[in-house]
Amino acid sequence: AQTVTQSQPEMSVQEAETVTLSCTYDTSESDYYLFWYKQPPSRQMILVIRQEAYKQQNATENRFSVNFQKAAKSFSLKISDSQLGDAAMYFCAYRLFTSGTYKYIFGTGTRLKVLA
Amino acid sequence: DSGVTQTPKHLITATGQRVTLRCSPRSGDLSVYWYQQSLDQGLQFLIQYYNGEERAKGNILERFSAQQFPDLHSELNLSSLELGDSALYFCASSETPTDTQYFGPGTRLTVL
């Protein structure tokens with residue numbers, strides 16, 4: 001069964017510093033997508049970044065980048081120059097193709113606190 | 001603002017009751033997904049529709065049902081509500097099942 005594991009329930013980072021959130025997944029697929037979503041206190045789910053498994057280059061979106069290790073089935077999110085507005089729950093998600101359609105599996109989330 | 005709208009924002013009801021949650025996808029999106037997020041939990045996929053047809057089912061209870069209408073909006077019906085059904089219900093949409101999905105603001109359901 002496909003699973004997504006976020007082993008850090010909570011992380012803290014000092015403003016302007018860098019933090020890395022970890023995510024591992026289990027799959028037998030070779031082609032899939034991985035996502036990081038941010039959920040601030042407003043509870044809105046916001047797409048942060050996505051990575052296609054067939055691409056070796058790590059995805060980057062401004063201060064957000066990923067370290068995608070396909071063999072290790074690891075997909076960590078690095079936030080550089082952390083800002084107070086980055087404080088939120090972060091969910092890692094895996095999209096698989098099954099039964100003729102796509103399904104998303106989410107991890108349990110990591111709560112990120114940003115300290116001023 | 002993702003362009004996905006959900007109504008109502010909040011819903012408070014009693015056990016045994018039935019409620020309907022509504023979702024309007026982004027303009028041009030044909031695929032709609034429903035998720036349930038219980039307190040401090042991850043998102044559980046419930047069901048997906050594409051252009052009016054059911055495409056995939058996740059952990060959706062038999063007391064729950066959904067449909068997507070010709071104008072592409074979708075409704076999630078929850079019946080015989082129990083205390084454990086209290087959760088945040090998200091709708092997401094994408095242009096096709098292969099595209100990235102974008103989430104609505106959610107409906108918070110409280111069952112008393």
Side-chain angles (χ1 to χ4, degrees), chain A residues 1-10 21 23-25 29 31-55 59 61 64 66 88-113, chain B residues 1-6 8-11 23 26 29-60 68 86-110:
Chain A
Q2 286 86 0
T3 58
V4 176
T5 302
Q6 293 180 251
S7 59
Q8 306 152 316
E10 189 171 294
L21 309 183
C23 172
T24 58
Y25 56 96
E29 308 287 323
D31 188 17
Y32 48 88
Y33 283 75
L34 295 161
F35 303 83
W36 277 98
Y37 280 90
K38 169 185 177 181
Q39 188 178 42
S42 68
R43 307 295 282 196
Q44 175 86 45
M45 291 289 287
I46 303 166
L47 176 66
V48 175
I49 199 165
R50 78 175 203 172
Q51 173 80 42
E52 296 147 62
Y54 66 87
K55 286 188 176 179
E61 286 289 339
F64 298 87
V66 298
M89 281 289 285
Y90 286 82
F91 292 95
C92 176
Y94 165 86
R95 188 182 82 181
L96 72 151
F97 186 76
T98 179
S99 302
T101 190
Y102 290 90
K103 288 186 180 178
Y104 288 76
I105 299 173
F106 284 79
T108 53
T110 296
R111 184 176 302 280
L112 178 66
K113 294 185 176 181
Chain B
D1 185 356
S2 66
V4 180
T5 60
Q6 289 186 250
K9 283 187 178 179
H10 302 278
L11 197 50
C23 168
R26 297 185 318 161
D29 285 359
L30 300 178
S31 200
V32 169
Y33 309 77
W34 286 98
Y35 291 88
Q36 179 192 57
Q37 185 183 30
S38 300
L39 185 64
D40 291 334
Q41 297 292 313
L43 275 71
Q44 294 292 319
F45 168 68
L46 295 178
I47 198 165
Q48 179 204 356
Y49 282 84
Y50 178 68
N51 205 18
E53 293 187 2
E54 182 185 303
R55 265 298 188 96
K57 262 187 175 179
N59 302 320
I60 188 166
Q68 186 179 29
S86 295
L88 196 57
Y89 291 85
F90 283 104
C91 168
S93 75
S94 62
E95 188 171 345
T96 71
T98 61
D99 292 310
T100 299
Q101 56 183 329
Y102 293 88
F103 285 80
T107 292
R108 180 170 294 284
L109 173 66
T110 302

Open item on the list: Which atoms of B:K57 are under 4.5 Å from chain A, going by heavy atoms: the side chain, the backbone, both sets, or neither?
Closed with: backbone

Open item on the list: Please check this pair: side chain of B:Q36 against backbone of B:F90, looking for a donor-acceptor N/O pair closer than 3.5 Å.
Closed with: no

Open item on the list: With a 4.5 angstrom heavy-atom cut-off, is it the side chain or the backbone of B:Y35 that approaches chain A, or both, or neither?
Closed with: side chain

- [ ] Find out whether A:T5 and A:Y25 are in side-chain contact, i.e. whether some heavy atom of one side chain is under 4.5 Å from a heavy atom of the other.
- [x] no

- [ ] Measure distances from A:F91 to the heavy atoms of chain B and classify the residue's part below 4.5 Å as side chain, backbone, both or neither.
- [x] side chain

Task: Segment of B:N59 engaging chain A (4.5 angstrom heavy-atom cut-off) - done: neither

Atom pairs and distances, donor-acceptor, side-chain atoms in residues 33-40 of chain A, under 3.5 Å, two or more places apart:
from: A:W36; atom 1: NE1; to: A:F75; atom 2: O; distance (Å): 3.3
from: A:Y37; atom 1: OH; to: B:Q101; atom 2: O; distance (Å): 2.9
from: A:K38; atom 1: NZ; to: A:G85; atom 2: O; distance (Å): 2.8
from: A:Q39; atom 1: OE1; to: B:Q37; atom 2: NE2; distance (Å): 3.0
from: A:Q39; atom 1: NE2; to: A:R43; atom 2: O; distance (Å): 3.0
from: A:Q39; atom 1: NE2; to: B:Q37; atom 2: OE1; distance (Å): 2.9

TODO: Start with the C-alpha distance between B:Y33 and B:S94, add both sets of side-chain angles, then the distance that settles side chain to side chain donor-acceptor pair (under 3.5 Å), and finish with yes or no.
DONE: CA-CA 9 Å; B:Y33 309 77; B:S94 62; 3.2 Å; yes

Open item on the list: If I measure from the heavy atoms of chain A, does B:L43 come under 4.5 Å with its side chain, its backbone, both, or neither?
Closed with: both

Open item on the list: B:R26: which residues meet the salt bridge (Lys or Arg N to Asp or Glu O under 4.0 Å) condition with it, sequence neighbours left out?
Closed with: B:D29

